[in-house]
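Structure first, then comments.
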Amino acid sequence: MMNTGKAKPAWLIIGQGAAGAAAANELRRLDSEAAITVIAGEQAGFYSRIDLPDIISGKRRPEEAVLQSPAQFQAAGIRCLTGVQAVTIRPEDHYVELASGQRLPYDRLLLATGAQPVLPGLPGMTAAGVYTLWTLEQAAAIALAAAGARAAVVIGSGLIGLKTALALRQRGLQVTVIERMNRVLPQQLDETGAALLAAALRNRGIEVLTGVQVAAVATGGGKVAGIQAGSRLVPCELVLCAAGVRADTALARTAGLAIGAGIVVNEFLQTSQADIYAAGDAAEVIAVLAQQRCLSAGWPAAVEQGIIAARNLSGRSTEAYGGYLAKNSVEIAGVPLVSAGNVQGGDGAEVLIRRTGHGYKRLVIKNNRLRGFLLMGDIRQAGVLAGVMARTDAGGYGDAAGAAGSYVDLLAF
Ligand SMILES: Cc1cc2nc3c(=O)[nH]c(=O)nc-3n(C[C@H](O)[C@H](O)[C@H](O)COP(=O)(O)OP(=O)(O)OC[C@H]3O[C@@H](n4cnc5c(N)ncnc54)[C@H](O)[C@@H]3O)c2cc1C
């Protein structure tokens with residue numbers, strides 16, 4: 001319920017990552033009068049987490065990752081409370097309580113609380129020298145530790161693990177990546193693509209172990225001494241655990257909101273409480289292709305959801321979120337790659353493959369619809385294929401009768 005006693009609406013945002021910052025800026029654009037407050041657990045303002053490996057490698061200074069400082073938000077009339085933790089939401093009384101005990105009233109609230117790295121409960125995981133990477137502070141700590149280390153082990157070969165492995169290698173460390181699945185970058189690549197990428201990583205001097213489960217962190221005097229994986233002990237002084245992230249739902253739970261893998265939202269990004277919205281890595285949204293609920297990990301989706309949530313929260317317009325489509329466009333170890341939708345296939349899908357020199361293309365088609373694609377090496381087709389995927393989602397590619405044949409042309413150019 002809007003507080004009609006106030007002249008200006010009070011909009012409160014928790015989190016100043018991609019979703020929270022996009023929402024704050026959009027709200028300011030929509031309403032020059034409203035009181036907008038952002039509660040940020042971190043001090044640095046809005047910065048690019050994608051740049052963190054470059055800070056570890058020494059390619060960038062931490063301040064170069066900052067996209068919008070707290071002073072710039074303030075100058076736009078957006079009040080920022082930085083280094084401050086929100087601990088409780090009282091939806092019935094429309095206020096949020098901070099760790100200091102201060103209460104902040106709101107008319108409408110956006111939860112953009114993001115994600116937190118997962119630390120598996122293995123022996124030795126809490127020893128000095130084991131790190132996770134999500135924040136600028138953690139990147140600075142890893143850079144410092146790397147300066148005194150000879151060898152590092154990275155647990156997990158997702159985007160964060162591989163980018164950090166390359167950063168540590170650039171600093172001259174001996175680096176081993178350990179992945180329990182049978183391929184690197186398992187969410188984005190199939191086996192062939194993963195073999196190409198693993199070869200590129202090995203060319204850069206990184207040891208890659210796949211299908212290997214970490215049993216424990218070996219320690220000596222409370223510090224990391226190595227990683228026990230199968231029968232092998234890999235000696236190291238630094239461990240990066242990049243074994244996945246989980247949506248940060250801690251604050252949402254205090255309001256009794258519906259929670260699944262993340263904060264459950266409807267197509268308007270509204271939670272189970274009408275005046276509370278959620279966006280970004282913290283939210284559980286609908287996946288475009290599978291029409292199931294999913295977490296929407298990724299920067300572009302967080303920005304898009306932040307903007308849509310802001311529009312709905314403002315009451316100025318009503319806009320439905322079109323749904324999440326997994327799409328990554330990155331360059332790793334000199335290999336540009338774009339992976340979108342379902343690249344694995346299975347469940348009766350047809351798969352079209354083309355190898356050209358250093359390039360690899362893979363299209364996954366089901367019921368005459370492009371459900372996913374992977375481009376490696378030559379990624380010039382990514383825009384066309386993304387467009388075809390969006391079109392086919394609305395009803396099939398061309399008029400060809402239900403076969404993958406009509407997609408063969410797309411492999412050719
Ligand atoms: C090293 C690295 C590389 C990445 N590479 C890519 C990439 O190539 N492509 C891509 O798409 N994505 C990438 N990502 C992921 C991307 O950064 C995230 O998807 C994106 O940051 C999510 O934005 P968000 O706003 O939802 O959450 P976050 O960025 O996690 O921000 C949430 C903020 O909320 C704050 N917060 C949480 N709870 C509270 C509370 N109770 N009180 C106050 N503050 C709170 C947190 O401190 C945090 O600052 C990468 C991430 C990392 C770490």
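One-based numbering, in listed order, for ligands and for the atoms of each. The residues of the chain are indexed from 1 along the displayed sequence. Computed over heavy atoms, backbone and side chain alike; hydrogens, waters and symmetry mates excluded.
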Worksheet item: With backbone taken as N, CA, C and O and side chain as the heavy atoms from C-beta onward, which portion of T135 lies under 4.0 Å from ligand 1: side chain, backbone, both, or neither?
Response: neither
Item to complete: List the atom of V245, the atom of V118, and the distance in Å for their closest heavy-atom pair.
Response: C-CG2, 3.7 Å
Worksheet item: For atom 8 (O) of ligand 1, which protein heavy atom lies nearest, and how many Å away is it?
Response: K163 NZ, 2.6 Å
Item to complete: Please indicate whether R171 has more than 12 foreign heavy atoms, meaning atoms of other residues, nucleotides or ligands, lying under 6.0 Å from its CZ.
Response: yes
Fill in: Polar proximity ligand 1 side, G15 side, N/O cut 3.5 Å exclusive
no
Item to complete: Under 4.0 Å, heavy atoms only, figure out whether ligand 1 is touched by the backbone of I160, its side chain, both or neither.
Response: side chain
Practice prompt. Just jot down the ligand 1 atoms closer than 4.0 angstrom to any heavy atom of G17, in number order.
Written response: 25 (O), 29 (O), 31 (O)
Item to complete: Check each heavy atom of A112 against ligand 1 and say whether those closer than 4.0 Å belong to the side chain, the backbone, both or neither.
Response: backbone
Item to complete: Number the atoms of ligand 1 from 1 as they appear, then name those within less than 4.0 Å of a heavy atom of G298, with their elements.
Response: 11 (O), 12 (N), 19 (O)
Worksheet item: How far is atom 9 (N) of ligand 1 from its nearest protein heavy atom, and which residue and atom name does that atom have?
Response: I50 CD1, 3.9 Å
Response to the item:
Residue, atom and distance of the protein heavy atom nearest atom 12 (N) of ligand 1 read W299 N, 3.5 Å
Worksheet item: Nearest heavy-atom pair of Y47 and V66: which atoms, and what distance?
Response: CB-CA, 3.7 Å
Item to complete: Report yes if some N/O of L251 lies less than 3.5 Å from some N/O of ligand 1; otherwise report no.
Response: no
Discussion item. Can you confirm, on distance only, whether ligand 1 has an N/O atom lying under 3.5 Å from any N/O atom belonging to A86?
Written reply: yes
Worksheet item: Is the number of heavy atoms from other residues, nucleotides or ligands under 6.0 Å of N203 CG greater than 12?
Response: yes
Item to complete: Look only at the side chain of E179 and the backbone of S157, and say whether a donor-acceptor pair between them is shorter than 3.5 Å.
Response: yes
Worksheet entry | ligand 1 atoms in contact with P300 (distance to a heavy atom under 4.0 Å) | 11 (O)
Worksheet entry | Identity of the nearest option to atom 47 (O) of ligand 1, non-hydrogen atoms only, from Q116, E42, Q43 | E42
Item to complete: May I ask you to identify, for A115, whether its side chain, its backbone, both or neither come under 4.0 Å of ligand 1 on a heavy-atom basis?
Response: backbone
Fill in: Heavy-atom pair with the smallest gap, counting every atom of L173 and L238
CD2-CD1, 4.5 Å
Item to complete: With heavy atoms of G280 as the reference, note each atom of ligand 1 found under 4.0 Å away.
Response: 26 (O)
Worksheet item: Is any side-chain heavy atom of T254 less than 4.5 Å from a side-chain heavy atom of V87?
Response: no
Discussion item. Just to verify, what does R90 make a side chain to side chain donor-acceptor pair (under 3.5 Å) with, not counting sequence neighbours?
Written reply: none
Discussion item. I want to know if ligand 1 touches A18 in the polar sense, i.e. an N/O pair below 3.5 angstrom.
Written reply: yes
Worksheet, complete the sentence: Closest to atom 38 (N) of ligand 1 among protein heavy atoms sits T113 CG2, 3.4 Å
Worksheet item: Does G41, backbone or side chain, put an N or O under 3.5 Å from an N or O of ligand 1?
Response: yes
Worksheet item: Which pair of heavy atoms, one from S296 and one from G280, lies closest together, and at what distance?
Response: OG-O, 3.6 Å
Fill in: Numbered atoms and elements of ligand 1 in range of V330, under 4.0 angstrom, heavy atoms
8 (O)
Item to complete: Could you name each residue pair satisfying ring-ring contact (aromatic ring centres under 6.0 Å, His included) that touches residues 294-322, not counting sequence neighbours?
Response: F46-W299
Worksheet entry | Smallest separation among heavy atoms of V288 and L325, with atom names | CG2-N, 4.3 Å
Worksheet item: Heavy-atom distance under 4.5 Å between the side chains of I36 and F73, does that happen here?
Response: no
Fill in: Top protein contact for atom 26 (O) of ligand 1, by heavy-atom distance
D281 N, 2.8 Å
Worksheet item: Does the pair E26/R311 count as a salt bridge with the N-to-O cut at 4.0 Å?
Response: yes
Discussion item. Could you check whether any heavy atom of V84 sits closer than 4.0 Å to an atom of ligand 1, since that is the contact criterion I want to use?
Written reply: yes
Discussion item. Using a 4.0 Å cutoff against the non-hydrogen atoms of W134, which atoms of ligand 1 qualify?
Written reply: 18 (C), 30 (O), 51 (C), 53 (C)
Worksheet item: For atom 1 (C) of ligand 1, which protein heavy atom lies nearest, and how many Å away is it?
Response: R49 O, 3.5 Å
Discussion item. Please determine whether side chain to side chain contact (heavy atoms under 4.5 Å, CB included) holds for the pair T249 and L111, giving the CA-CA distance in whole Å, both sets of side-chain angles, and the decisive distance to 0.1 Å.
Written reply: CA-CA 9 Å; T249 58; L111 300 178; over 6 Å; no
Worksheet item: Are E304 and K327 within salt-bridge range, i.e. N to O under 4.0 Å?
Response: no
Worksheet item: What are the atoms of ligand 1, with element, lying closer than 4.0 Å to any heavy atom of L133?
Response: 1 (C), 53 (C)
Item to complete: Write out the residue and atom name of the closest protein heavy atom to atom 27 (O) of ligand 1, then the distance separating them to 0.1 Å.
Response: G114 CA, 3.1 Å
Worksheet entry | Protein contact of atom 40 (C) of ligand 1 - nearest heavy atom, named by residue and atom, plus distance | Q85 NE2, 3.3 Å
